[in-house]
Structures are given as C-alpha cells and as structure tokens.
Amino acid sequence: MPWTPSVPVVIEQQCVPGAACPNGAASPTGNADAGGEVILPDTPATKPDVAPPASPKKGLKVGATLRGRYDLRFNDVSGSGAKRTSSHLSFDTLALTADYTSDRFFGAAQYRFYGGNFIYGKSAGYREYPGEVRFLMYAYGGAKLTESDSITAGIQPVPFDDRYWGSSILDDLAFVYGFEETYNLGVKFRHETSRYRVEVGFFPSSGPAGGGISSDSSRYSTNISKADSYVPDGSRNDERNMLIGNVSYTLAATKTVKLSATISGWLSTIHNFDTRADGSKRIFAASLTGSKGPWHAKTLVARQDIDPRNPGRNDMITVGGFDASYNIATKGTYVFGELGRSIDTGSLPFNVTPYVNYGRFFKDAAGFKDSERLDIGAVWSSKKSQRVKVYSEFLIGRNDPYVGAGQFISGAAQGGDGRLKKSILVIFGYSI
C-alpha cells in the first residue's frame with residue numbers, strides 16, 4: 001500500500017520517478033537514495049478500515065467510511081540520500097458505499113477518493129487535495145436464482161480463491177502481483193451448499209481507470225496496464241477475456257472446527273499494444289483454510305505464468321493501481337500462510353484479533369531476487385457501535401514494492417536492493 005505516484009511533466013534539472021537522477025539534479029519526490037533512485041512511500045491501504053455497511057434484509061442502505069493513517073518508515077532516505085526514519089500522520093481515503101438486497105435481487109457499489117497526503121505530494125505532480133485520485137472500486141448487481149445459485153454482473157471481485165486471503169489492511173504480497181482482491185468487469189455464477197462452493201466467471205476486461213495523473217493506473221485493483229514513463233523496461237499491455245473460477249470443499253465441520261480446501265484457476269489473453277500480438281496468462285492455486293474456536297489459519301500455493309508478447313523483455317510486465325505503475329515478474333510460484341486468534345477482551349470496549357502472516361514469490365527468471373513480506377499485526381474494532389476499526393501492522397519486506405525505500409518500481413520484478421526493510425502502518429477509520 002504505498003507509493004509516490006508519477007510526475008506528469010519532467011521539470012528541467014529534475015529526474016523522473018524511477019529514473020537515475022543526473023548529477024546535481026533534484027529528485028521530484030524529495031526522497032532519493034544515494035544512487036538517485038526515487039523512493040516511493042507506502043501505498044494507500046487496500047481493505048476498508050471497516051467493512052462496507054451490512055446489506056439490509058431488504059432495501060437500500062448507503063454508507064460512508066472516513067479513514068486516516070500513520071506511517072513510521074524505518075528505511076526512508078532524505079533528498080540528499082542520507083538514511084533516515086520518517087513519520088507521517090495523514091488523510092487516507094473517503095469511501096462511499098451503497099448496498100441493496102431484496103428477496104430476488106441484490107447489488108453493491110463503492111467509490112473512493114484519495115489524495116491530499118504525503119503519498120500524493122506536489123513534488124510528484126499533484127495539487128494535494130482529497131479526491132485528486134479517485135476511482136470506482138466495484139459496482140455490480142445480481143439475482144438469486146435459487147437458494148443455492150446466484151448470478152452477478154458488473155465490476156466485482158473475481159472468484160480466484162477467497163476475496164481476502166489474510167487479515168492485513170494491505171492484503172498480502174499476492175495483491176502486489178494482482179491475484180488477490182481483484183475487481184474486474186464481467187459475469188459470475190455461484191453455486192453454494194453447506195458442503196461445497198463453485199464459482200466461475202467470465203471477465204472481458206478489467207475495471208475502468210478513474211481520475212489521476214497516471215496513464216492507466218488510477219484504479220483499486222492491481223491490473224496489467226500501460227506503463228508510465230518513469231518505469232524502466234515498462235510495457236503497454238491489457239488483460240482480456242478472463243475465465244476465472246474456484247471450487248471449495250468443506251473437509252471437516254463441527255461446532256468449533258472447520259477446514260476447507262479450495263482450488264482456483266485463471267486463464268486470460270494478454271494483448272500488447274506495441275506488437276499487437278496476443279499472449280496469455282495462467283494462474284493456478286490451491287489452499288487450505290481452517291478455524292478452531294478463536295483460532296484461524298490459511299495456507300496457499302499459487303503458480304503464475306504470463307506470456308506478454310512484449311517488444312522487449314518478456315520476463316516482466318507492467319501493472320498498476322492507486323495511480324502508479326511498476327513491473328512484476330511474469331513467471332514464478334507464490335506461497336502464503338497466516339495464523340491468527342481473536343482475544344476475549346472482557347469489559348474493554350474493543351475486540352482485537354492479532355495475527356501473523358508471511359508471503360514469498362519465488363521468481364523463475366535467472367538473476368531475479370525473490371520478493372517476500374512478513375506482517376505482524378492486529379485488527380481492533382469497537383464493540384458497541386461497530387463503527388470504528390483500526391489496523392496496526394509491523395511490516396518486514398524484502399524486494400517488496402510496498403515496504404521500504406527504493407523498492408517500488410522493480411522490487412516485484414528483478415528485485416530491489418535485496419535488503420530487509422521495515423515499517424509500521426496504522427490505519428484508523430469511522431463508518432456511518
């Protein structure tokens with residue numbers, strides 16, 4: 001969740017984000033490492049700080065979430081390249097949400113406003129007002145065909161495993177690569193019983209880009225996109241005709257224990273705007289999700305193979321989100337695991353669920369450094385009103401675009417500096 005987006009116009013004697021700065025030139029962000037690379041701060045948080053308003057039994061419910069954030073970055077650098085620790089207390093986002101349900105039909109939509117904080121600063125080409133970066137997160141409608149079957153159309157979560165894999169406000173490292181919590185435009189069928197679930201969807205395209213200064217990255221999900229000018233070896237691609245689905249089966253279920261297994265697949269076409277050739281994307285995953293009393297756990301393995309048909313390098317492809325773009329490796333294997341526990345806080349006015357999760361992307365390309373992230377965090381929520389929720393996280397990453405200075409552009413592709421980076425992120429929000 002963190003970065004400084006691109007500069008729309010290159011100012012004389014300043015370097016473009018992601019590019020090497022000439023001797024004596026200033027970094028547009030004011031945060032450059034000793035070699036001149038622009039340091040991109042933590043990205044905007046992904047999950048809602050509180051869940052969208054619960055769908056009413058019948059009718060329409062409209063809600064809003066206002067969210068702030070505190071960042072403590074242990075591996076930042078100054079404009080002169082000196083190492084430093086920086087802290088920021090700032091606005092994060094405003095989310096407007098609508099939910100509708102009836103005996104037969106249902107629907108939901110959410111629109112988000114970002115900007116006006118240290119992530120979207122003047123040095124990066126922004127005018128620093130809330131709403132300068134904005135986009136539709138999701139908007140869909142559907143019908144209940146039977147008690148077990150439903151169909152949904154619109155911009156919606158794709159059915160690749162579960163919508164969220166862990167407890168982190170950042171999601172996990174899979175969000176960086178674009179296969180966790182992804183919202184695309186299409187149609188989805190769902191069949192669910194007490195024992196198993198089947199979901200399959202066809203998505204002609206990703207969701208539309210919103211307002212911002214990037215060429216194609218003002219959106220919530222991490223989607224394959226057209227690179228901005230500051231991305232070295234950036235590509236110009238588009239993902240089309242996605243066939244995505246999963247099958248989940250409950251292996252065990254008692255009053256206190258539940259264990260389910262899920263397999264997922266993602267097949268799509270990758271179009272390159274320069275070569276006009278069509279490549280492919282193939283992702284397959286298998287996971288186990290379990291709970292026992294207050295404990296919960298999940299483990300997942302996924303395999304990604306992308307053939308982008310780029311005019312240049314095919315071992316990486318450009319993706320984008322939150323109004324900035326970066327490169328990821330096209331081929332590799334991802335592993336993830338989380339363990340957490342809800343704690344009985346007694347008479348205290350809040351609930352708390354601490355957790356720890358770890359994800360690593362093993363890259364196939366020779367010389368590419370693996371990306372990894374360890375997240376030790378807790379989710380806090382108010383008992384009485386259930387309107388306040390706080391995420392507190394200690395993040396340790398290596399070659400992770402979202403953790404530490406100098407990793408954003410290439411960390412998920414060939415890798416960054418290969419060093420561990422640390423940061424603390426606290427997201428706090430209130431919903432009505």
Side-chain angles (χ1 to χ4, degrees), residues 1-45 68-93 112-135 209-219 225 227-232 234 318 320-327 400-411 416-417 421 423 425:
M1 319 207 118
W3 63 72
T4 299
S6 56
V7 176
V9 178
V10 179
I11 303 173
E12 187 176 0
Q13 294 302 313
Q14 289 192 348
C15 62
V16 179
C21 296
N23 292 334
S27 163
T29 64
N31 294 327
D33 62 15
E37 183 185 359
V38 170
I39 303 309
L40 298 144
D42 287 344
T43 63
R69 62 184 291 157
Y70 173 72
D71 295 78
L72 180 60
R73 301 163 61 205
F74 297 103
N75 302 104
D76 203 357
V77 293
S78 65
S80 63
K83 295 181 180 179
R84 66 168 184 168
T85 296
S86 67
S87 63
H88 309 269
L89 179 63
S90 58
F91 166 80
D92 183 59
T93 186
R112 292 200 172 193
F113 301 86
Y114 291 86
N117 63 17
F118 77 103
I119 295 174
Y120 302 104
K122 289 183 179 179
S123 58
Y126 292 93
R127 290 181 288 174
E128 293 188 313
Y129 64 87
E132 189 172 6
V133 175
R134 58 204 176 274
F135 43 74
I213 64 175
S214 66
S215 62
D216 188 32
S217 297
S218 182
R219 61 186 79 231
S225 63
D228 293 290
S229 60
Y230 56 81
V231 180
T318 300
F322 291 95
D323 210 34
S325 55
Y326 58 94
N327 287 331
D400 181 350
Y402 288 2
V403 184
Q407 313 301 300
F408 182 73
I409 301 296
S410 302
D417 59 16
K421 310 287 184 179
S423 68
L425 173 66

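Keep in mind that what you see is a predicted model, and the values were worked out from it rather than measured.
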Could you tell me which non-hydrogen atom of [X] sits nearest to which non-hydrogen atom of [Y], and how far apart they are?
X: Ser87; Y: Tyr70; result: CB-OH, 3.4 Å
X: Ala324; Y: Ser217; result: O-CB, 3.4 Å
X: Ser215; Y: Ala227; result: OG-O, 3.6 Å
X: Arg73; Y: Phe118; result: NH1-CE1, 4.2 Å
X: Pro232; Y: Asn327; result: O-ND2, 2.8 Å

Checking Asp323 against Tyr126: is there a side-chain donor and acceptor pair closer than 3.5 Å?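 There is such a pair between these side chains.
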
Using the test side-chain hydrogen bond (donor to acceptor under 3.5 Å, both in side chains), find all partners of Asp216 that sit at least two apart in sequence or belong to another chain.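 For Asp216 the side-chain hydrogen bond (donor to acceptor under 3.5 Å, both in side chains) partners, ignoring immediate neighbours, are Arg219.
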
Can you sort out the partners of Phe113 under ring-ring contact (aromatic ring centres under 6.0 Å, His included), two or more places apart, ordered by chain and number?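 Phe113 satisfies ring-ring contact (aromatic ring centres under 6.0 Å, His included) with Tyr111 once adjacent residues are dropped.
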
Are any side-chain N or O atoms of Ser225 and backbone N or O atoms of Gly320, one a donor and one an acceptor, separated by less than 3.5 Å?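 Yes; judged by distance alone, with no hydrogens or angles, the pair exists.
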
Using 0.5 Å steps for rounding, measure from the [atom1] atom of [X] to the [atom2] atom of [Y].
X: Glu132; Y: Ser218; atom1: CD; atom2: OG; answer: 10.5 Å
X: Asp228; Y: Tyr326; atom1: CG; atom2: OH; answer: 12.5 Å
X: Leu89; Y: Asp71; atom1: CG; atom2: CG; answer: 9.0 Å
X: Arg134; Y: Arg112; atom1: CZ; atom2: CZ; answer: 16.0 Å
X: Lys421; Y: Asp76; atom1: NZ; atom2: CG; answer: 10.0 Å
X: Asn117; Y: Tyr129; atom1: CG; atom2: OH; answer: 13.5 Å

May I have the step-by-step check of side-chain contact (heavy atoms from CB on, under 4.5 Å) for Gln407 and Asp400, ending in yes or no? CA-CA 6 Å; Gln407 313 301 300; Asp400 181 350; 5.8 Å; no

Are the side chains of Ile119 and Phe322 in touch, meaning some heavy atoms are under 4.5 Å apart?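 They are not in side-chain contact.
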
May I ask you to test the Ser325-Tyr230 pair for a side-chain heavy-atom distance under 4.5 Å?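 Touching, per the 4.5 Å side-chain cut-off.
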
